[in-house]
Amino acid sequence: MNQLEQIRIFVELVRAGSATQAANRLNLANSAVSRRLKELEARLGTQLLHRTTRSMTLTEDGRAYFERCVQILDDLDEAERGLSSRASELSGRLRIAAPWSFGVSHLVPAITEFMHLHPKVLVDLDMNDRRVDLVAEGIDVAIRIGELGDSSYIARKLAPVSHVVAASSDYLQRFGRPETPDDLAHHQGLCYANLKAPGQWLYFDQSGQRCSVKVPIRLRASNGDALRHAAIAGLGVLCEPSFITFQAMRQGLLVPLLTEYRWYQMGIYALYPQTRHLSPRVRGFIDFLSQRFGDHPEWEQYLPEPPQKSRG
């Protein structure tokens with residue numbers, strides 16, 4: 001078997017996660033896939049995968065080789081498509097990972113628009129709040145929100161996001177309206193679970209000083225939409241990203257609170273592996289998202305204005 005076919009089988013094996021799944025996708029026998037992997041490792045003189053009866057993970061050499069192999073195959077596909085179609089026409093498969101709430105409400109509409117503009121682009125979309133391994137899982141671009149802790153990827157900021165403190169009118173009638181952030185210590189909080197310090201809400205006061213308040217948490221959830229529904233139902237006060245809360249505030253279902261304070265702000269980023277060449281479809285998709293969302297996205301345009309200070 002030639003070197004290119006070995007590369008294709010290896011890449012498919014890593015993406016499938018098992019020899020059986022890879023064999024089904026490649027229309028090969030399970031034993032043939034396992035044999036080709038052993039031949040490849042023997043030719044390279046190194047182990048590419050740690051294999052047990054239940055799992056399969058890349059070795060350090062395997063990860064580096066896999067990343068280069070993916071780029072080789074992508075470059076080959078782009079070269080072949082370039083001979084048969086106009087260079088400006090985007091085509092091929094685009095593998096995207098995104099968090100659930102943002103994915104459903106904002107990314108999916110953007111993806112469908114992009115696919116209408118580029119009919120030859122195919123999309124595999126994985127919506128999950130977990131941090132995916134872009135290289136091991138064969139992801140072209142991941143959408144991430146918040147702090148970026150992994151410097152092994154290239155990141156491009158797509159849009160800003162502000163946090164908003166809000167509650168329903170029913171809740172405020174029963175428990176009163178907080179006048180300062182410290183008042184939140186006596187309220188029922190609704191908190192996103194996947195945080196380093198759930199219940200510790202960060203903000204900047206009028207002088208720009210960074211502060212925080214510890215909020216008693218009544219409901220903790222790993223999904224922002226669930227917290228928004230709970231807040232609308234009068235269960236408590238939430239501090240959530242504007243892309244989750246702005247529609248409910250626009251419809252009067254949630255009342256913004258403590259707007260004279262600037263709550264935690266972050267960014268939405270497109271992440272992709274460091275490669276020697278970014279394929280046109282990936283670059284085109286990231287450019288499209290950057291233009292569609294931009295510095296003043298829809299969810300930021302409805303942020304409540306802080307109250308005017310009285311004179312006299």
Side-chain angles (χ1 to χ4, degrees), residues 11-12 15-16 25 70-71 73-132 134-135 137-146 153-162 223-225 228 241-251 266-273 275 277-303:
V11 169
E12 193 60 50
R15 287 175 172 169
R25 295 180 185 183
V70 169
Q71 188 59 59
L73 295 179
D74 281 347
D75 287 347
L76 179 61
D77 289 343
E78 292 294 340
E80 292 181 351
R81 280 192 292 270
L83 295 177
S84 59
S85 63
R86 294 178 289 111
S88 60
E89 186 176 18
L90 301 183
S91 61
R93 188 166 300 279
L94 186 61
R95 300 175 179 86
I96 306 167
W100 178 262
S101 293
F102 183 78
V104 171
S105 58
H106 300 286
L107 187 63
V108 169
I111 289 175
T112 55
E113 182 179 341
F114 180 78
M115 294 181 73
H116 279 304
L117 293 173
H118 305 284
K120 293 187 177 181
V121 170
L122 309 175
V123 171
D124 288 343
L125 176 60
D126 177 11
M127 289 196 299
N128 197 307
D129 286 345
R130 67 184 177 90
R131 292 293 179 102
V132 300
L134 275 67
V135 175
E137 298 184 39
I139 300 297
D140 294 310
V141 57
I143 306 302
R144 288 191 180 166
I145 304 172
Y153 302 136
I154 298 175
R156 178 174 171 184
K157 187 174 182 179
L158 301 176
V161 178
S162 302
N223 179 266
D225 291 332
R228 184 189 65 234
S242 51
F243 67 80
I244 293 177
T245 59
F246 85 104
Q247 289 283 16
M249 292 190 298
R250 175 183 291 174
Q251 298 167 10
M266 55 190 184
I268 298 177
Y269 299 88
L271 270 65
Y272 53 93
T275 57
H277 171 68
L278 192 63
S279 70
R281 65 179 175 276
V282 176
R283 186 181 303 278
F285 178 65
I286 294 175
D287 288 344
F288 173 80
L289 292 183
S290 179
Q291 295 172 5
R292 194 179 196 275
F293 298 143
D295 295 333
H296 305 284
E298 179 184 20
W299 55 83
E300 292 288 283
Q301 295 177 21
Y302 192 72
L303 288 179

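By convention here, the first residue in the shown sequence is residue 1.
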Asker: Show your working on side-chain contact (heavy atoms from CB on, under 4.5 Å) between V282 and D74 and close with a plain yes or no.
Answerer: CA-CA 11 Å; V282 176; D74 281 347; over 6 Å; no
Asker: Could I get the full list of salt bridge (Lys or Arg N to Asp or Glu O under 4.0 Å) partners for E300, not counting sequence neighbours?
Answerer: none
Asker: Is a donor on one side and an acceptor on the other found under 3.5 Å between the side chain of D140 and the backbone of I96?
Answerer: no
Asker: Rounded to the nearest 0.5 Å, what's the gap from OG on S290 to NZ on K157? Could you check?
Answerer: 11.0 Å
Asker: Okay, side chain of S242, backbone of S162: is any donor-acceptor separation there less than 3.5 Å?
Answerer: yes
Asker: Would you sort out whether F285 and V121 count as a side-chain contact (heavy atoms from CB on, under 4.5 Å), showing the intermediate values?
Answerer: CA-CA 10 Å; F285 178 65; V121 170; over 6 Å; no
Asker: Between W299 (side chain only) and P160 (backbone N and O only), is there a donor and an acceptor less than 3.5 Å apart?
Answerer: yes
Asker: Please list every donor-acceptor pair under 3.5 Å in which a side-chain atom of residues 105-114 meets a protein atom from a residue at least two apart or in another chain.
Answerer:
{"residue": "S105", "atom": "OG", "partner": "S101", "partner atom": "O", "Å": "2.8"}
{"residue": "H106", "atom": "NE2", "partner": "F243", "partner atom": "O", "Å": "3.3"}
{"residue": "T112", "atom": "OG1", "partner": "V108", "partner atom": "O", "Å": "3.2"}
{"residue": "T112", "atom": "OG1", "partner": "P109", "partner atom": "O", "Å": "2.8"}
{"residue": "E113", "atom": "OE1", "partner": "R292", "partner atom": "NE", "Å": "3.0"}
{"residue": "E113", "atom": "OE1", "partner": "R292", "partner atom": "NH2", "Å": "3.2"}

Asker: May I have the step-by-step check of side-chain contact (heavy atoms from CB on, under 4.5 Å) for R15 and V70, ending in yes or no?
Answerer: CA-CA 10 Å; R15 287 175 172 169; V70 169; 3.5 Å; yes
Asker: Walk me through it: do R156 and D287 pass the test salt bridge (charged side-chain N to carboxylate O under 4.0 Å, His left out)?
Answerer: CA-CA 10 Å; R156 178 174 171 184; D287 288 344; 2.5 Å; yes
Asker: Would you check if the side chain of Y153 reaches a backbone N or O of L134 as a donor-acceptor pair within less than 3.5 Å?
Answerer: yes
Asker: Using the side-chain contact (heavy atoms from CB on, under 4.5 Å) rule, take Q247 and E298 through it: C-alpha gap first, then chi angles, then the decisive distance, then the call.
Answerer: CA-CA 10 Å; Q247 289 283 16; E298 179 184 20; 4.3 Å; yes
Asker: With rounding to the nearest 0.5 angstrom, report the CG to CD1 distance, L271 to I139.
Answerer: 12.0 Å
Asker: Find the distance between CZ (R281) and CZ (R95) and round it off to the nearest 0.5 Å.
Answerer: 7.5 Å
Asker: What distance separates L158 CG from Y269 OH, expressed to the nearest 0.5 Å?
Answerer: 9.5 Å
Asker: Mind checking the CG-CH2 spacing from D126 to W100? Nearest 0.5 Å is all I need.
Answerer: 10.5 Å
